[in-house]
Amino acid sequence: MVLKQLTLFDDFFASEPQKPSTVAMVASVVFGQMPKGEFDYLVPKHLQAVLEPGQRVRVPLGKSNRLQIGYCVSVTHKPCVTSELKAIHSIVDEQRLLSPAMLQVTRWIAEHYLCDWGQVLETVLPKCVRENVGLRKVFKYRLAHPKDGLQHAGRLTAKQQRVLEILASADGPLTAEDLVAKAGCSSAVLGNLVKRGLIEREISHVRDKTISYDRPPRAESLTLNSEQRAALQTIVDAIRSGTHKTILIHGVTGSGKTEVYIQAIEEVVRRGCQAIVLVPEISLTPQTVERFRSRFHNVAVLHSHLTDAERAAQWEWIASGAVEVVVGARSAVFSPTPRLGLIILDEEHESSFKQESAPRYHAREVAEQRARIEGIPLVLGSATPSLESWYRAQQGEAILVQLPRRIANLPLPDVKTIDLREPKRARETRGVITRQLHAAIEEVLKDGGQVILLLNRRGFATHVQCPSCGVVLRCPHCDISLTHHKIANRVVCHYCDYEVETPRTCPQCDSPRIRFSGTGTERLEAEIKARFPHATCLRMDADSMRSRLAYERAFAEFRRGRIQILVGTQIIAKGLDFPNVRLVGVVNADTALHFPDFRASERTFQLVTQVAGRTGRGPHGGQVLVQTFTPEHPAIQAAIRHDYETFAQQELKVREAFGYPPFWRLARIVVSSNSSETAEACSREFAASVHTQAEVAGLTDKIRIVGPAPAPLAKLRGKYRYHLQVMARDYPQLLSVISTAQKTCRAPSGVTWTIDVDPIDML
Ligand code: ADP
Ligand code: ZN
Ligand code: ZN
């Protein structure tokens, strides 16, 4: 058991007030894992001049005083009973790992997402950085008395003399190898000189691998059009103002947002500062990176495929201040840039900016806090802004900039729906490609154009059923029907990755007539190959693109025109620019529409708009055909008219009426257990506790609780799941009620609950 050390507050009310209190230097320390909370330690004299918040320290912990590493988060002078505080043992890091601003940011994350500060710190600082991965210890030698020259050296051998001369004329300390080679002596000579006190040995850390990349040819700035110029001016004004502002760029696909970002960063670089550019992991392609590398000298890249040594090297390079721009996915928002001047978050509506494990932070919200704390602008960009960001702009909390036209006045593609309900259709078509879509593909292929077909379901058949006894193949762990993958001949659970060989006969009644229904990308690919046997077709989804390299190679092939039809899941919908794509087909626009998620309409609108943006970027224009059972749905109607504003206006009304974000803030609590009854009972207990806390705080009419109810994924990885949603208009009220409820409820063993503030995943 670890006793929390006394803080000033405890001391004040303590039972022994007679103990003399003196003003001392006290450091507050947070641990990565256990124990939770902040702990005070005395800063001993010899560390007072060197200790800084943001460094790690070794401190004694518990009765046994075993040493543990913790993070020093603040240093203050305050009155305390020094005999009751333990002292810091030593400092771990030569340099601080976190700036004061980043300490504030991490604290905000802990408070906002209801998790431990220590856990946040361990997330922000990659393990490889904490553990010095890729650093090698080397010994270097220097003169012990450089001012004395060589006068007091006494009697020396020629070789010893030579070593001293070399060191005297060197710029700095030299490694043993260096010195031995230059002096033509053995390393014993160095040892001898150390013993005589004439030279000193020091330890330093060097990196085995230094950063290098092939620099692409330098590209010149493009001359901006008038809308781009206005957008740039708004950002530059914000940069010059030296204060925080959030700017939302709503720019249609191909409107030249990236060029605006680059020119804004040029201003930041001229001022001697750095910029962070956050993009979804999937958009972090060589083309994206190259675009920045052709315009800036030093561009660091942070993505999830780096090795530990590479990540640590990038991190150190960024911290050195030499990097002008960091381009990276979600966690790059924590980059240790010493003089941050601007944060840009492109495709800000993307759900991958939310981390789905604790701490469940959203990079957009963290970027906003960091920008606020550092007093710098934040630029959010999207063709389909999240309703949260759009609403903030409407409320005057963000500056809205519009880029409504494509570059060179290219028209936006013509979008039409194909109604899947038409009764004639059933007789005319086999498979999922309608007659109209087939004809359009044929036409484009004849003209030498390329086609993209989107279907947001992978695998071959999404439903495997026995017609004799009616049994549906389900995951034994998840209560989800299994998807048949024909190429691998396996049935797979898309939630937990459970898989077995596809049975030839019904596991229940042994009937050999198993039916495979529902279409995934594999079956779509087969259908396309059957319909267009002479066209080259490639499927892109998580199954065919297991490595980043495969994915990049596929895009390169498509770009070169070696592939005529690209079939894939949403991974093909993202910000890529292929001038020869003249047709985009959305095979089923309704897949996202019927999810039990209040963002279903928004997702559908985003997906159709984003994939439509892949076409019409060349001189031949482009068209988009959207197959749907609900062509009248407002999200689909707005998407075919490229009318974001009407969509946003309608959808915000719905959100307000139902009390959803952005009007109400939302936290979701998922309780999971091996037993369904236990999960249900615990979720009820939690809900009751939230209710009580709201009552105590006089907030019953301000807090809404929905549920508990079985989660849409009622069983996942063998655990039964219940969830509840807690909502409030006022954020601090929401957080305080939940955090108190959390403290008063105790999860019995075997039960876990996760609290997700501002959830994206509603399953
Ligand atoms: P977005 O990020 O909005 O999708 P991009 O910045 O990628 O748009 O621009 C789309 C295309 O237009 C790119 O090929 C880019 O090089 C080009 N482009 C952007 N701005 C200009 C400009 N001012 N003049 C000419 N071409 C431009
Ligand atoms: Zn059967
Ligand atoms: Zn499963």
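Read the numbers this way: they start at 1 and go in the same order the structure lists the ligands and their atoms.
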Protein contact to atom 11 (C) of ligand 1 [nearest heavy atom, distance to 0.1 Å]: D577 OD2, 4.1 Å
Nearest-contact summary for atom 20 (N) of ligand 1 - protein heavy atom, Å: Q228 NE2, 3.0 Å
Top protein contact for atom 8 (O) of ligand 1, by heavy-atom distance: G256 N, 3.0 Å
Flag if over 12 foreign heavy atoms under 6.0 Å of OH, Y720: no
Atom indices of ligand 1 within 4.0 angstrom of E259 heavy atoms, with elements: 6 (O), 20 (N)
Residues R406 and T253: side-chain donor-acceptor under 3.5 angstrom: yes
Angular separation of C506 SG and C509 SG about the Zn ion (ligand 2), given to 10°: 110°
Nearest neighbour in protein (non-hydrogen) for atom 2 (O) of ligand 1: T258 OG1, 2.8 Å
Angle in degrees, rounded to 10°, that SG of C496 and SG of C475 form at the Zn ion (ligand 3): 110°
Flag for T591-N456: side-chain donor and acceptor within less than 3.5 Å: no
Contact atoms of ligand 1, heavy-atom distance to T223 under 4.0 Å: 22 (C), 23 (N), 24 (N)
Donor-acceptor pair between S601 and T604 side chains, under 3.5 angstrom: no
Residue part near ligand 1, for I407, under 4.0 Å between non-hydrogen atoms: side chain
Among I265, I276, I262, T258, the one residue meeting side-chain contact (heavy atoms from CB on, under 4.5 Å) with I344: I265
Over all atoms of both residues, closest heavy-atom pair of A332 and V326: CB-CG1, 4.4 Å
Ion pair check, E388 and R392, cut-off under 4.0 Å: no
Atom 27 (C) of ligand 1 - nearest protein heavy atom and its distance: L222 CD1, 3.4 Å
Shortest protein contact, atom 6 (O) of ligand 1 (heavy atom only): R291 NH2, 2.9 Å
Region of D346 engaging ligand 1 - heavy atom pairs below 4.0 Å: neither
Nearest-0.5 Å distance that lies between atom CD1 in I514 and atom CG in L473: 6.0 Å
Polar contact flag for T253 and ligand 1 (N/O pairs, less than 3.5 Å): no
R330/E356 ion pair, N-O < 4.0 Å: no
G254, any N or O under 3.5 Å of ligand 1 N or O: yes
Validation row, ring centre H250 to ring centre H349 under 6.0 Å: no
S255 neighbourhood, listing ligand 1 atoms whose heavy-atom distance to it stays under 4.0 Å: 3 (O), 8 (O)
